[in-house]
Structure formats: C-alpha cells, structure tokens
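Here's the structure, in structure tokens; my notes come after.
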Amino acid sequence: MNGKEEAAGCERIVEMDVNLGQVSIRNPKGSPTELPKSFRFDAVYESSCRQSELYDETVRPLVDSVLQGFNGTVFAYGQTGTGKTYTMQGVWAEPEKRGIIPNSFEHIFTHISRSQDQQYLVRASYLEIYQEEIRDLLNKDENKKLELKEKPETGVYIKDLSSFVTKNVKEIEHVMNVGNQTRSVASTNMNEYSSRSHAIFVVTVECSELGLDGENHIRVGKLNLVDLAGSERQSKTGVQGERLKEATKINLSLSALGNVISALVDGKSTHIPYRDSKLTRLLEDSLGGNAKTIMVATIGPASCNYEESLITLRYANRTKNIKNKPRINEDPKDALLREFQEEIARLKAQLERRGMLSKKRRKSQRKIILEGEEIIDEGEETEDNIEKDMENYLKEQKETLEKEKVAIQDDHNLVAEEKQKLLEEKEKMMEDLKKEQEATEQLAAKFKVGQ
Ligand SMILES: Nc1ncnc2c1ncn2[C@@H]1O[C@H](COP(=O)(O)OP(=O)(O)OP(=O)(O)O)[C@@H](O)[C@H]1O
Ligand SMILES: [Mg+2]
C-alpha cells in the first residue's frame, strides 16, 4: 500500500498464495459471509518479492526462446501506480531493484558472450503510442508521427522507425536512456502523460549458425517489452454511453486490446479486431499468433482499489486462455545479418582479388630478384600498396578497352552491324569498369570510416 492509501485508512484485501499461484481478493463492502474471489495464474508475486525472482522464474525462459529465434512479448498491464513501470524498468541504479528490461539486457549479452559457434546481431528500437500516434523515442525529431505499414512477407512494421545496433549492455542501456529522456521531457508538458501512453522497447536478436547442411542459417527473435498505459480509465468508464466514448478516445489502443483478447478467447469469433488500434496491429503476433507472450498484471492491495483490482484480475484470467502458435523464425528475408554477411563476402572477394593482383606483382618482382641471384625481403603488403594495385589494375583495364575500341573502329573488314555490336559491348565493359571503380572508392571510404 502506498502512503496515500494508508492515510485514507484503506485496508489490505488481497492475499497471495505463491505456492499455489493463487490470488484472493475480498470485497470490502461485502457481507461477512461473502467468500473472497480467487484466481489462479502461472505464477503470482507478492509486493515483497524480488525482481530477480520474477525474472528467473517467468521471464528468463521467454528470453531464452528469443535467443533461439522465437518472438517474445512481455506486457505489463494494470491500474496506474500499481507497478507496471517498476516491473518493466525498476530502479536502474539499484541492482536488486532492476526490472525486466535491464535484466533481459544482461541475460542477452551474457548468453552472446558465452556462445562459440554463433554470430549475433542485436538491435534496439524504442517507441510509444499516445492517442493513437506512434512516436519514435530515439529520433531527434520526437514529434514526428510514424506510420504503420504492411509487407506480405514480413507483416506489419513501422515505417522509418530508427533501430540501433548494440554490441553490449552499456550500448543498449544507452539506447534505453535516450528514449526515457525523450519520454520524460514530453511528460512535463502533459499531465499524467506517461500513464496514458504505451511504451514499447523492441530488441531484435539475429543469430547465424552453420547448419547440418553446411549452409549458414539465420534465426531472428524479436522481443517486445511493453509498458502499457494505466488501465483505470478504460475500466472505470468501461460501462456505457458518453463516458465510454470518451475513454475510447483517450485510449483506443487499450480498449482494442481488450476486444482482441475477448474475441480470441470466446472461441466463436471469426473476426479478431486487430486493425482497430495501432497497438493491436503492431503486436498482432503477440496475441494468438507467432510469439510467446507473458502478461504481467499488476494490482494494488488496498480496499479503495477493489473494483479496479478485480477487473484487472478478470482481464488477466481471460488473457490466460489465449493460445499462441510460436515458431522459430528461420532465414527471414529481412535479416540484417544476412545483408552484413553478404557485404563481408563482397569485401573478402574484393580483397582476394587485390591479393591475387599483388601476388602476381610480387611474383614478377621475385623473378627479377632471382635472376640477379640476390635474396631480399619482400616485406609486408600494406593497405596503401593494395590500394595502388587496384588503381593500376583499373587503369590498365581501361587502357586496354580503349585500345580495343579504336581497333574495332579502324577495322575496315568488319561489317557495320557487327562493328556497332562490338562497340556497344566495349562501351558496356567500360561502364562496368567505371562502376567497379566507384564501388572500390566507396569501399575504401567505408574502410577508413570504420577504422
Ligand atoms: N513491488 C514493488 N516494490 C516496491 N515499490 C514498488 C513496487 N511496485 C511499485 N512500486 C512503486 O510504486 C510506485 C508506482 O509504480 P509505477 O510507477 O511502476 O506504476 P505504474 O503502474 O507504472 O503507473 P502508471 O500507470 O501511472 O505509469 C513507484 O514509486 C514504484 O517505485
Ligand atoms: Mg508507468
């Protein structure tokens, strides 16, 4: 109970049986014979429980699945002030009080540092949905509204959402901090802002591994960490009439989430209204689709919150019945790691070609030296030399092509048509050479930036 609840003289009406995974809630206005209402869940946690207990028992297996290539989602749902943000983020400065998000960062990067035969690529995005508008929390222009788009092969995505490749816990924490700052700046301008917006931190983990078929395979797991808006307004006005309309306007995504959950569990609906809100569209896979999903429902223990807490428990109880169909995402088209690997292969091929050129050159050098019967150290091939070799090679090629072009033009024995064809061919080869040169220049520039 918080200070306000204690000062108001509220009593504790919630009991948790951690072993049974059961919550009981007593109606403070009920008759003395009225039995408390009980709900069973996969796990329940007391207010005194440690963050690490929740993480290790409930969240760790989900993040392990993400590392194997499954999608995973953690929702925190509940009335304002009941601990959604505490559960997801916690108190960063106190290791004991760190929430699911920082714990998952540690988990992911510890796993990666211990892996041996896999290559990983981790990237992070951070967004929020406020009044049905999507904002990128990592973009400097924080007021820019983003759009949802759909691709047949990859499904729904947010156009222009920034994502950052992170190599360790420090880097991903930095991403989180930047986003949190953007959020807090906005919250000073708007009352109760944080409680009315949904914050979604997305971690995408790509893993490449050599398969039994001798080919590299990429698995991609996406982890959505969702701190939902406070559920109270929706449920308080969840009755009828004007107030329901108002609530819907205030948080359409939250009521759509409720409708999607209801439609999924009633078993009769053929239509699931995912398209009714940004949140449900974006997280369609997390509800009844290709993802493993955890919903953490947070409730307060005080009698003054009896109704809200009961509604939250019923909501969570219904959600429990959703059946998802998670599968490992193997070799998706949009894997960034594949793009990187292809670029590395291109670079290697370029380097090899350069290497061959310098070998050729070294050979001829060596021949001269041997003829002179001298033994000298050939020395290390430097980047600059390779660079020069490449330049010379391109220059030589260009000269040869020019010569051939002139020779064709001067050849009076060739019929006009044939001549034209050959000239066009040469033109094309020169064009290709130009492109190659440009690509080499770009590559060299990239190298320098990377160093
Ligand atoms: N299990 C807990 N142990 C200790 N403190 C907690 C716990 N849960 C919540 N708190 C504290 O209660 C206060 C409210 O929690 P929090 O901000 O997480 O609520 P919230 O559900 O995110 O609310 P809102 O919907 O307004 O964003 C915070 O000061 C938080 O530190
Ligand atoms: Mg919060």
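Counting convention: from 1, in listed order, for ligands and their atoms alike. Count residues from 1 along the sequence.
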Margin query: Nearest 0.5 angstrom please: Leu127 CG to Arg183 CZ, how far?
Written below: 10.0 Å
Item checked: Numbered atoms and elements of ligand 1 in range of Lys84, under 4.0 angstrom, heavy atoms -> 18 (O), 19 (O), 20 (P), 21 (O), 22 (O), 23 (O), 24 (P), 25 (O)
Checklist line | Criterion side-chain hydrogen bond (donor to acceptor under 3.5 Å, both in side chains) against Tyr126, the qualifying member of Asn180, Asn139, Asp136 | finding: Asn180
Next item on the list: Provide the number and element of each atom of ligand 1 under 4.0 Å from a heavy atom of Gln79.
Entry: 21 (O)
Notebook entry, point to check: Among all residues two or more places apart in sequence or in another chain, which pass the salt bridge (Lys or Arg N to Asp or Glu O under 4.0 Å) test with Arg275?
Noted result: Glu150
Note to self: Using a 4.0 Å cut-off to any heavy atom of Thr80, which atoms of ligand 1 qualify?
What the structure shows: 23 (O), 24 (P), 25 (O), 26 (O)
Note to self: When you measure from the Mg ion (ligand 2) to the N, O or S atoms of Thr85, does any of those distances fall below 2.8 Å?
What the structure shows: yes
Note to self: Could you check whether any heavy atom of Thr82 sits closer than 4.0 Å to an atom of ligand 1, since that is the contact criterion I want to use?
What the structure shows: yes
Next item on the list: Closest by any non-hydrogen atom to atom 15 (O) of ligand 1: pick that one out of Gly83, Gly90, Ser47, Cys49.
Entry: Gly83
Next item on the list: Kindly identify the option in Ser197, Gly81, Gly230 whose heavy atom sits closest to atom 14 (C) of ligand 1.
Entry: Gly81
Item checked: Any N or O of Thr298 closer than 3.5 Å to N or O of ligand 1 -> no
Next item on the list: Apply the test side-chain contact (heavy atoms from CB on, under 4.5 Å) to residues Val63 and Asn103: give CA-CA distance (whole Å), side-chain angles for both, the deciding distance (0.1 Å), then the verdict.
Entry: CA-CA 10 Å; Val63 176; Asn103 281 326; over 6 Å; no
Check: Of all the heavy atoms in Gln89, does at least one lie under 4.0 Å from an atom in ligand 1?
Finding: no
Item checked: For atom 1 (N) of ligand 1, the option (of Tyr86, Tyr45, Tyr77) bearing the nearest heavy atom -> Tyr86
Check: With only distance considered, is Thr85 within less than 3.5 Å of ligand 1 through an N or O on each side?
Finding: yes
Next item on the list: Give a yes or no on whether a salt bridge exists between Asp42 and Lys320, defined as a side-chain N under 4.0 angstrom from a carboxylate O.
Entry: no
Notebook entry, point to check: With a 4.0 Å cut-off, would you call Arg135 and Glu133 a salt bridge?
Noted result: no
Item checked: Glu307/Lys29 salt bridge by N-O under 4.0 Å criterion -> no
Check: Thinking salt bridges, do Lys278 and Glu132 make one under a 4.0 Å N-O criterion?
Finding: no
